[in-house]
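Here the structure is laid out as structure tokens; the discussion comes afterwards.
What you are looking at is a predicted structure, and each value in this text was computed from that prediction instead of being measured.
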Amino acid sequence: MKNWIPFFILLLALSSCKTRNNAKNNADNKQDSVVTAEDNRNPKDVNEPVRDKLTFYEHVVVPPKFEQIKIDSKVRVESGSYVPTLDATIYIENDKKVWMNLRALFINAARGIATPEGIKGQDKINKTYIDSDFDYLNNLLNVNFIDYKSLEKILLGRTFVKINDSQFTLTQNAQGYKMVSNVNQKIVTDEKQREYKIALQYDTNYDLLSVNLKDILSSDELEISYSDWNEYNGIRLPKNVKIIIKGSKSSQILLENTKFDFSRMETPYSVPSSYKKIEIK
């Protein structure tokens, strides 16, 4: 198992949003006048301006209230080399830590922990470990803005990029809400600047369906999608998550959340002295 697996997997995924099929036009009602392409579209596909923007932002920006969430998951990684389906336990303590334990064929394979200070992970099969800042995850995802809070939001299906009314266009149709950046989004971190074209899709009840980020100066692209949302302990959470990474590195991570629990648990993490540290370059 490659040494990046512990936290590469941690960043979710499974089940992309269902593809939306365009409705066929009704050809029975022909008109003598010239009909534009927009007029031919089914009303559900017509994006209309959102009148009640305040309600939209209250639903998609305000984070859920919780102390801790434990998630049991099935994880599949498609990266060009074989990785068996893994059983994962993900434990999120709000604003403090994300802990994960991975098992392959009933054997503990990897363990990792993320805090606002950085990430740590160990490969129990190859007896190696990492200790890094969030540049590690940013490099894996071909982006430059992931920090601890972004990681929490990604795992819970919350909006993890900054959105605002002045630089995004918000529209609504029968499928839900669509938000697209109308100017390139410049993100600067540690003197590194990148520009993205960003598109987000939400369901009619404000559940996040997908986020797509395209780097305008390279082929790098990140798409994260969510499906099968349900309410657990008063919080809506997705059962299925999928991450697709394209560009200089291409991979796909699929995560199926099978159980949610809100009780506190122990999150042990220590590295045996015999393990070899992997330097992140």
Side-chain angles (χ1 to χ4, degrees), residues 10-18 20 47 49-66 69 71 90 92 94-95 98 114 116 134 137-138 141-173 175-189 194-215 220-232 234-245 253 255 257 260:
L10 195 156
L11 279 178
L12 10 78
L14 172 58
S15 180
S16 61
C17 309
K18 296 179 180 178
R20 312 290 185 173
N47 293 316
V50 175
R51 299 181 184 277
D52 188 2
K53 293 184 179 181
L54 179 60
T55 298
F56 171 82
Y57 281 105
E58 286 177 343
H59 279 87
V60 306
V61 174
V62 178
K65 295 181 179 180
F66 70 96
I69 298 177
I71 308 172
I90 304 170
I92 304 172
N94 195 14
D95 289 331
V98 174
F134 282 91
L137 290 184
N138 283 295
L141 294 175
N142 291 347
V143 294
N144 72 324
F145 59 85
I146 300 296
D147 57 14
Y148 175 79
K149 202 59 190 178
S150 299
L151 175 59
E152 260 193 17
K153 291 179 178 179
I154 289 174
L155 291 170
L156 298 177
R158 294 312 189 270
T159 303
F160 59 89
V161 294
K162 292 182 178 180
I163 55 176
N164 57 67
D165 198 42
S166 62
Q167 297 187 351
F168 284 78
T169 299
L170 176 62
T171 56
Q172 181 179 10
N173 56 35
Q175 298 171 357
Y177 300 88
K178 187 175 183 180
M179 177 160 263
V180 178
S181 58
N182 50 46
V183 296
N184 294 330
Q185 297 299 293
K186 296 181 180 180
I187 301 178
V188 180
T189 55
R194 297 183 71 173
E195 296 185 30
Y196 301 93
K197 180 71 175 178
I198 302 176
L200 306 96
Q201 182 73 45
Y202 300 85
D203 206 343
T204 53
N205 60 356
Y206 308 104
D207 290 336
L208 181 60
L209 297 179
S210 66
V211 181
N212 181 273
L213 298 100
K214 293 183 179 180
D215 187 309
D220 289 348
E221 181 177 350
L222 174 65
E223 182 169 335
I224 303 180
S225 58
Y226 304 88
S227 66
D228 292 343
W229 285 81
N230 284 291
E231 187 169 312
Y232 307 89
I235 300 176
R236 291 190 63 78
L237 296 165
K239 178 181 178 182
N240 297 318
V241 189
K242 183 176 186 177
I243 294 182
I244 299 176
I245 304 165
I253 312 170
L255 179 102
N257 298 324
F260 296 94

*asked:* Would K197 and D215 count as a salt bridge (charged side-chain N to carboxylate O under 4.0 Å, His left out) here? Give the steps.
replied: CA-CA 7 Å; K197 180 71 175 178; D215 187 309; over 6 Å; no
*asked:* Using only atom types and a distance under 3.5 Å, with no angle test, would you say the side chain of D203 pairs donor to acceptor with the backbone of Y206?
replied: no
_Using the ring centroid of each side chain, check whether F260 and Y232 are separated by less than 6.0 Å._
yes
*Could you walk me through whether L237 and N257 pass the side-chain contact (heavy atoms from CB on, under 4.5 Å) test, one step at a time?*
CA-CA 9 Å; L237 296 165; N257 298 324; over 6 Å; no
*Heavy-atom distance under 4.5 Å between the side chains of E152 and D95, does that happen here?*
yes
*asked:* For a quick check under 3.5 Å, do T159 and Y202 share a side-chain donor-acceptor pair by atom type?
replied: yes
_Between N138 and N144, do the side chains contain a donor N or O and an acceptor N or O under 3.5 Å apart?_
no
*Flag for Y196-D220: side-chain donor and acceptor within less than 3.5 Å*: no
_Derivation and outcome, side-chain contact (heavy atoms from CB on, under 4.5 Å), residues E195 and I187_ = CA-CA 6 Å; E195 296 185 30; I187 301 178; over 6 Å; no
*Does a side chain donor of either N142 or E221 reach within less than 3.5 Å of an acceptor in the other side chain?*
no
*For residues M179 and V60, determine if any side-chain heavy atom of one lies less than 4.5 Å from a side-chain heavy atom of the other.*
no
*Are L155 and F160 close enough, and set up right, to give a side-chain contact (heavy atoms from CB on, under 4.5 Å), and what steps lead you there?*
CA-CA 10 Å; L155 291 170; F160 59 89; over 6 Å; no
*Is there a donor in the side chain of Q167 and an acceptor in the side chain of Q185, or the other way round, less than 3.5 Å apart?*
yes
*asked:* With a 6.0 Å cut-off (strictly less than), is the heavy-atom count around NZ of K186, excluding the residue itself, greater than 12?
replied: no
_Heavy-atom pair with the smallest gap, counting every atom of F66 and N94_ = O-ND2, 3.2 Å
*Given side-chain contact (heavy atoms from CB on, under 4.5 Å), test Y177 with T171 step by step and report yes or no.*
CA-CA 6 Å; Y177 300 88; T171 56; over 6 Å; no
